[in-house]
Amino acid sequence: MKKKVLSPEKAKIISSLLVSMIFLFIVLSMTRLYTNSMIEKAQSDYFNSIKTTMDGFEKVVSLQLNSYRNFLDSYYKDILLTIPDYDINSISKTLVEYSETKHPDFLDFYFLTPDGTAYLSDGTNIHMDPAKHKGLDGVLNYYISGICYPPNRHAYVFCIEKTCYKDGKIAGVLGAAVILDSFQKRTTGLVGNRESFMLLDTEGYFLVHPRADVIGKQYIPEDPRYTETGTIYLAKNPPGTYKSKADDNSVIYLITSKIPESGWTISLKVSMEEIDEIYEIQRKSEIMIFIFAFLTILGLVIVETKILDFFQKKQLIATVYDPLTNLWTRQRFEVEANKMVRNPRAKFMLIEADIRGFKFINQNYGEEAADKLIVYYSKILNICIGDYHGIIGRGFADHFYILLKITSVHKAMNVFRDSLTKITDDVKSYEIPFFPKFGISFLMPGDNPTGNKIQNLIGQASFAKSTIKDNLLTQFSVYNSKLLEKINEEQFIESHMQQALDQKEFFVMYQPKISLTDDRIVGAEALVRWNNPKLGLMTPDKFIPLFEKNGFITKLDYYVYEEVFKFIQNRLAKNLPIVPISVNMSRNHNKPEKFMHDFMEIFTKYSIPPSLIQIEILERSVMDNTTLQDITEKLHKEGFTVAMDDFGSGESSLNMLTKIPVDVLKFDREFLNASTDKEGRIDKKSEKFIHILIDLSKNLEKQTVFEGVETQAQRDFLRSINCDQAQGYFYSKPLAEQDFVQFIKLHS
Ligand code: C2E
Ligand code: CA
Ligand code: CA
């Protein structure tokens, strides 16, 4: 399973999103805790205020009852205490007398004897049930009755009674019937007409209620779940809070408390709606805050990503990580590397790595496969540096940069070679064949490069890598100052070659070819030289490989041809001796038509027989066999002879021999070079092999020429096997024109 790797930018955004969420969660939880405690406080405040209101009501009721009692007390003093022996007739008479001064809330007042006869203040007497008038029990000094509706009086009343004693025995009760309506007005009036106040007598009858029609009645709920809110229940049970349901089905609470002495119950209806409303607002605002905060954070993160993207697209900020490999970008690598190399006493190794022919892979396998390869390569490199405390970054395409702190160049190179073996092994298992390539440079304590140290080091490593040619065996190159000299020279050459051509800095030397039968000159090869005022005299190995790379060689070839033609024409015009001259055709000419056209254009400017010109075609040229054949035939048609140069250096020499109709085989210098020892002796095996080749060429009717003949032994051997011609230092080095004409004179 492949792990999907997040880019560091994305990871940062996601983690900041997560952190913000966690933070948001914590903040919300804390506000929640805080608001909960606020709600609790609000609730208890609410209940407290209710309690206070109830206390107030209770006090008002108590005071009112007290005032009734005080009235009774004063009657008691004024009436009963003045009448000796509780003479009932006197009592009755006095009651009537006092009726004018009675308390306005009193409907009547009366004296009730233990036998149940009540003498009323209006002068009548009625029967009252002694069992219902607890004042006669003598348990309480004052008794307050429940609600009752006396016949023919059209008003609810309750009775307040004071027990009267005579000689320690109960003589009767002095009582008053209080008009409930009046009592109600006084009490509720004082506490403010609270809609929700109820007052119950001990039996659960309403004494006070916002609705007049329920006064004097009990409330018994139909729903058995709310029995506890029935007035009988409330009246009989101790004070507390009881849950109930209002007519509109909303939840309400009944809070009760008791009025001392009377045993009455105050009940206050509290709707939970008020509290619920606080809750609701709270909850809503919490959700709103959450949504708002969430959206804000989300919005900010989106904006952040967009800004980041924008900056990256506009390249306004240095990208830190390469999105493909998640390694540092080159810019970032340089910043970090510069920090690392600040220590002036430390040694460092910089490696630039890439892949041979990556462009080719990109074109042939597609971008996706190429990207995959880069990721794979980056991992291999990253693993390798993991053990050595280095840093790595990726530049353009397949370019990677590595900086390592080292203890010595020697050790570092050993470690590098070990890693290289490992990398080469790893790479073999990859689906696309590819070859890593490395350039290496070092920064030593003494080095004091001007400018940016790291850019300098990278430049050097990069240059070292660029000197690795197509040879698959070379995987790395280490920068040294000679390498730099070479690149400088190459740069100089490239920028001066056209000018050199125009100013005739190139000139031709001639190396004689000698017949092995009679040691006389039979031809010569034109070899180019460059005499530059700054670089001095240069042989072709200095500039031809470069010209082959940049294509300038074809121009130079035509220049040489023209110089040769001019020389021959000059000789012919003056009737001076001359030999056939062979000219080299570079491997860059790969279009026979074009070459023939350009060649003939120059050749026809001069009137020289084509038999004096031979063209040397390299065996290992980029041309395929059919092209080679094609051009040979075309040259033959025009009357030129063709030699195969460096014969034997290629792989399919023998195969080609029969196919390509060349006239001359010019055996490669290496034949003699490799088979001759220090003393100049040729080993027997090589002798045999060369002999066979010469015989074979003879059979195919090819002329044979040996290059690089340096010793007499070589010459004698070649002569002994009937090789036709020899070219080499043994006879002559390449000669300048005036020396060459001398040579012809002497050796014709
Ligand atoms: P080449 O065509 O094989 O030329 C022969 C090279 O062998 C010459 O090197 C010559 O100086 C060298 N040589 C001759 N005899 C001996 C010997 O006894 N011992 C040793 N060690 N070397 C010997 P030169 O002139 O440096 O040319 C090098 C190569 O440059 C040539 O190899 C040829 O491939 C190329 N070249 C030279 N002039 C031209 C030119 O005008 N056009 C093109 N296209 N290539 C040229
Ligand atoms: Ca040649
Ligand atoms: Ca040659």
Side-chain angles (χ1 to χ4, degrees), residues 497 500-501 505-514 521 523-531 537-567 580-590 595 598-599 602 613-623 631 641-650 653 662-676 680 682 703-715 717-718 725-737 739-740 743:
M497 57 195 185
L501 195 66
E505 287 179 20
F506 294 100
F507 67 97
V508 180
M509 289 185 99
Y510 299 89
Q511 188 176 34
K513 285 190 223 167
I514 306 295
I521 182 167
E525 179 177 3
L527 295 161
V528 71
R529 296 290 179 267
W530 182 3
N531 192 9
L537 183 68
M538 287 179 281
T539 49
D541 56 299
K542 270 268 170 71
F543 52 88
I544 285 199
L546 184 62
F547 289 177
E548 280 175 345
K549 253 200 286 180
N550 63 28
F552 188 70
I553 188 67
T554 52
K555 266 192 183 174
L556 184 63
D557 272 355
Y558 295 127
Y559 174 81
V560 170
Y561 303 156
E562 188 140 19
E563 290 295 302
V564 170
F565 299 156
K566 258 188 230 164
F567 169 62
I581 308 285
S582 43
V583 291
N584 290 287
M585 175 186 178
S586 90
R587 50 181 104 233
N588 291 45
H589 301 285
N590 48 10
F595 176 75
D598 295 346
F599 186 85
I602 303 165
I613 303 296
Q614 184 172 74
I615 290 95
E616 293 188 5
I617 301 178
L618 285 165
E619 189 203 71
R620 276 195 297 173
S621 79
V622 283
M623 297 180 209
I631 200 146
T641 58
V642 178
M644 179 163 286
D645 203 356
D646 297 349
F647 175 70
S649 64
S653 311
V662 292
D663 311 283
V664 179
L665 294 176
K666 257 190 116 177
F667 284 77
D668 195 76
R669 250 193 337 267
E670 276 307 299
F671 274 106
L672 292 178
N673 209 5
S675 47
T676 307
I682 308 166
Q703 273 202 314
T704 49
V705 182
F706 251 88
E707 284 187 322
V709 181
E710 291 181 347
T711 65
Q712 181 162 0
Q714 291 172 340
R715 195 275 311 266
F717 163 68
L718 291 172
Q725 296 166 15
Q727 177 184 343
Y729 296 170
F730 177 70
Y731 288 108
S732 171
K733 290 199 164 181
L735 300 169
E737 206 181 284
D739 298 330
F740 175 55
F743 191 95

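All values derive from a computational prediction rather than experimental measurement. No hydrogens, no waters, no symmetry mates; every other heavy atom, side chains included, goes into these values. Read the numbers this way: they start at 1 and go in the same order the structure lists the ligands and their atoms.
The closest side-chain heavy-atom distance from Val528 to Phe543 is below 4.5 Å. No side-chain heavy atom of Phe647 sits under 4.5 Å from any side-chain heavy atom of Thr704. Proximity of Phe740 to Met509: side-chain heavy atoms (C-beta onward) are nowhere separated by under 4.5 Å. Thr676 places none of its side-chain heavy atoms less than 4.5 Å from the side chain of Phe717. Looking at heavy atoms from C-beta onward, Phe595 lies out of side-chain contact with Asp598 at the 4.5 angstrom threshold.
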Begin from the C-alpha positions of Thr641 and Val664 and carry the test side chain to side chain contact (heavy atoms under 4.5 Å, CB included) through to its verdict. CA-CA 8 Å; Thr641 58; Val664 179; 5.5 Å; no

So Glu563 and Phe507, side chain to side chain contact (heavy atoms under 4.5 Å, CB included) or not? Walk me through it. CA-CA 8 Å; Glu563 290 295 302; Phe507 67 97; over 6 Å; no

Derivation and outcome, side chain to side chain contact (heavy atoms under 4.5 Å, CB included), residues Tyr510 and Phe743: CA-CA 10 Å; Tyr510 299 89; Phe743 191 95; over 6 Å; no

May I have the step-by-step check of side chain to side chain contact (heavy atoms under 4.5 Å, CB included) for Ile631 and Phe599, ending in yes or no? CA-CA 12 Å; Ile631 200 146; Phe599 186 85; over 6 Å; no

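With a cut-off of 3.0 Å, the Ca ion (ligand 3) has no N, O or S atom of Asp668 in range. Not a single N, O or S atom of Glu525, from either the backbone or the side chain, sits less than 3.0 Å from the Ca ion (ligand 3). Residue Asn584 counts as close to the Ca ion (ligand 2), with an N, O or S atom under 3.0 Å. Because the distance cut-off is set at 3.0 Å, Asp645 qualifies as a neighbour of the Ca ion (ligand 2) through one of its N, O or S atoms.
Asp646 contributes atom OD1 as its closest N/O/S atom to the Ca ion (ligand 3). The closest approach of Glu616 to the Ca ion (ligand 2), by N/O/S atoms, is made by OE1.
Using a 4.0 Å threshold on non-hydrogen atoms, atom 3 (O) of ligand 1 counts as touching the protein. Atom 9 (O) of ligand 1 lies below 4.0 Å from none of the non-hydrogen atoms of the protein. Not a single protein heavy atom sits closer than 4.0 Å to atom 34 (O) of ligand 1.
For ligand 1, the atoms sitting less than 4.0 Å from at least one non-hydrogen atom of Gly708 are 16 (C), 17 (C), 18 (O), numbered in the order shown with element in parentheses. For ligand 1 and Gly728, the ligand atoms under 4.0 Å from any heavy atom of the residue are 15 (N), 18 (O).
Between Glu707 and ligand 1, at least one N/O pair is under 3.5 Å apart. Of the N or O atoms in Asp645, one or more lie within a sub-3.5 Å distance of an N or O in ligand 1. Checking only distances, Val528 does come within under 3.5 Å of ligand 1, N or O to N or O. For Thr539, no nitrogen or oxygen atom sits less than 3.5 Å from a nitrogen or oxygen atom of ligand 1, counting backbone and side chain alike.
Of the candidates Glu525, Arg529, Met509, Arg529 brings a heavy atom nearest to atom 25 (O) of ligand 1. Across the listed options Asp646, Leu527, Asp668, Leu618, Leu527 owns the non-hydrogen atom lying nearest to atom 37 (C) of ligand 1.
One N or O on the side chain of Ser582 and one on the backbone of Ala524 form a donor-acceptor pair closer than 3.5 Å. At distances below 3.5 Å, at least one donor-acceptor pair connects side-chain atoms of Asp557 with backbone N or O atoms of Ser586. The closest donor-acceptor contact from the side chain of Tyr559 to the backbone of Phe506 lies under 3.5 Å. Side-chain atoms of Tyr731 never come within 3.5 Å of backbone atoms of Glu710 as a donor-acceptor pair (strictly under, hydrogens ignored).
Ligand 1 lies within reach of Arg669, whose nearest heavy atom is under 4.0 Å from it.
When the options Glu707, Gln727, Glu525 are evaluated for a side chain to side chain donor-acceptor pair (under 3.5 Å) with Gln511, the one that passes is Gln727.
In this structure, atom 46 (C) of ligand 1 lies nearest to the protein heavy atom Ile544 CD1, 3.4 Å. Given atom 20 (C) of ligand 1, the protein heavy atom at minimum distance is Glu710 OE2, 3.2 Å. In this structure, the protein non-hydrogen atom closest to atom 15 (N) of ligand 1 is Gln511 NE2, 2.9 Å. Nearest protein heavy-atom neighbour of atom 29 (C) of ligand 1: Pro540 CB, 4.4 Å. Regarding atom 42 (N) of ligand 1, its nearest protein heavy-atom neighbour is Asp557 OD1, 3.0 Å. Scanning the protein heavy atoms around atom 18 (O) of ligand 1, the nearest turns out to be Tyr729 N, 2.8 Å. Looking at atom 11 (O) of ligand 1, its nearest protein heavy atom turns out to be Pro734 CG, 3.4 Å.
In plain terms, the two heavy atoms of Glu619 and Asp646 that are nearest each other are CB-O, 4.1 Å.
Residue Leu556 does not touch ligand 1, judged by heavy-atom distances below 4.0 Å. With a 4.0 Å heavy-atom cut-off, ligand 1 is reached by the backbone of Ser586 and by its side chain too. When non-hydrogen atoms are compared, ligand 1 lies under 4.0 Å from neither the backbone nor the side chain of Val508.
A donor-acceptor contact under 3.5 angstrom links the side chains of Lys513 and Gln614, judged on distance only.
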